[in-house]
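See below for the structure under consideration.
These numbers come from the heavy atoms of this one structure, side chains and all, not from hydrogens, waters or symmetry mates. Computed from a predicted structure; not experimentally measured. Just so it is clear: chains get the letters A, B, ... in the order the sequence lines come, proteins before strands, and each one is counted from 1.
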Amino acid sequence: MRIATWNVNSVRTRLPRVLAFLERSGTDVLAIQETKCRADQFPTEAFAAAGYEVAVTGYHQWNGVAVVSRVGLEDVETSFGGQPLFGKEGVDPALEARALGATCGGVRVWSLYVPHGRTLTDPHYAYKLEWLAALRARAQEWVAAEPDLPLGLLGDWNVIPRDTDVWDVSAFEGHTHVSAPEREAFEAFAASGFTEVTREHLPAERTYTYWDYQQLAFPRDKGLRIDFAYASKALAARVTGVTIDRDERRGKGASDHVPVVLDVAAGPGPR
DNA sequence: ATGGTAGCCTTGCTA
């Protein structure tokens, strides 16, 4: 089974590329981020025609996450328990469409779009740290309740965990994504029993998953590694390989992120 | 040379 994650930066604009990726990669389950549409605007019929069931959440033109699967799709949750709300000053705090969980082919898959943070002094930054801490607390509970659960936390984490995950870390001094609290919040998932399987299988430095649209970042290979997959012990043991589809960044109409694909061996099966 | 890109509910915000 292949399980992938991809921040598509608008599923409606990217639809032909997403369908082509599913076909050529043999992906069975895709966790999508930044769908940028409401559920009623999501191109559900196009995925159904390709053999995929769909679970989506989205409230307006920003954020939005989904899981599409051709190996079953059950027990959908459109947020995690304790997921923090966000509201700018003078606006009532609201739940954002940044997390969706579904069970596909026996694997609990979460599609996650971690808040960006904007700047180190923006309320959005505190929200980001709170969001990561709340997710970790909840994920730890899920595994404690069910130690054999194959669980994947897949998505755009908006954290650059290591200096070698960016073309020039000095360019990020004083910016989000590289601050110590963000890195600690990211690494804490390992202490909670999760393995970041993309690093495990692709340990090379300067292995990027995102290149900005501006200033010829991709031709100059000025990239970031910010898309990851934390797996519970039961899932990590079944991951046999990871691929980053770098070619997907080429050409007109690319997302700024590329897909990250996990090869997952068959599970122990029903008892 | 103080810009540059892309997407959305586009004359501003988000990334």
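Going from atom CZ of A/Phe86 over to atom P of B/dC13 covers 14 Å, rounded to whole Å. Per the geometry, OH belonging to A/Tyr59 stands 18 Å off C1' belonging to B/dT14, to the nearest Å. Distance A/Tyr125 OH to B/dA15 P: 16 Å, rounded to the nearest Å. Residue A/Trp157 contributes atom CH2, which lies 19 Å from atom C1' of B/dA15 at whole-angstrom precision. The nearest whole Å value for the distance from the NE2 atom in A/His257 to the C1' atom in B/dT5 is 14 Å. Between A/Tyr127 atom OH and B/dT14 atom P the separation is 12 Å, expressed in whole Å. One interatomic measurement links the two molecules: CD of A/Gln215 to P of B/dA1, which rounds to 17 Å at whole-angstrom precision. Spacing between atom OH of A/Tyr210 and atom P of B/dA15 amounts to 11 Å, rounded to whole angstrom units.
Cation-pi geometry between A/Arg98 and A/Tyr113 is met: under 6.0 angstrom from the ring centre, within 45 degrees of the axis.
For A/Gln41, the side-chain atoms get nearest to B/dC9 when compared with the rest of B/dC9, B/dA15, B/dG7. Of the candidate nucleotides B/dC9, B/dA15, B/dG7, B/dC9 has the atom nearest to the side chain of A/Arg38. Here the nucleotide nearest the side chain of A/Tyr213, chosen from B/dC8, B/dC9, B/dT5, is B/dT5.
Side-chain N/O atoms of A/Thr13 include none lying less than 4.0 angstrom from OP1 or OP2 on B/dA6. Here A/Arg12 reaches the OP1 or OP2 of B/dC9: one of its side-chain N or O atoms lies under 4.0 Å away.
Counting any heavy atom pair closer than 4.0 Å across all strands shown, A/His116 reaches sugar-phosphate atoms only and no base atom. A/Arg220 comes within 4.0 angstrom of nothing in the nucleic acid, heavy atoms only. Across all strands shown, A/Tyr113 has heavy atoms under 4.0 Å from sugar-phosphate atoms exclusively, and none from any base.
Side-chain N or O atoms of A/Thr5 include none that pairs as donor or acceptor with a backbone N or O of A/Ala229 at under 3.5 Å.
In this structure, A/Leu262 CG and A/Arg2 CZ are separated by 10.5 Å, a value rounded to the nearest 0.5 Å.
On the P atoms, B/dC9 is 23 Å away from B/dG4, given to the nearest whole Å. Taking atom C1' on both B/dT5 and B/dT10, the two are 15 Å apart, rounded to the nearest angstrom. Spacing between B/dG3 and B/dG7 at atom P, rounded to whole Å, works out to 23 Å. Comparing the same atom, P, in B/dA6 and in B/dA1 gives a spacing of 25 Å after rounding to whole Å.
Side chains of A/Glu182 and A/Ile160 form no contact here, defined as non-hydrogen atoms less than 4.5 Å apart. In this structure, the side chains of A/Val258 and A/Tyr210 stay at 4.5 Å or more apart for every pair of heavy atoms. Taking the side chain as every heavy atom from C-beta outward, A/Val159 and A/Phe228 never approach each other to under 4.5 Å.
Along DNA chain B, the nucleotide nearest to A/Glu34 and the one nearest to A/Gln61 differ in position, and the one closer to the 5' end is contacted by A/Gln61. Between A/Arg98 and A/His60, the residue anchored closer to the 5' end of DNA chain B is A/His60, taking for each the nucleotide with the nearest heavy atom.
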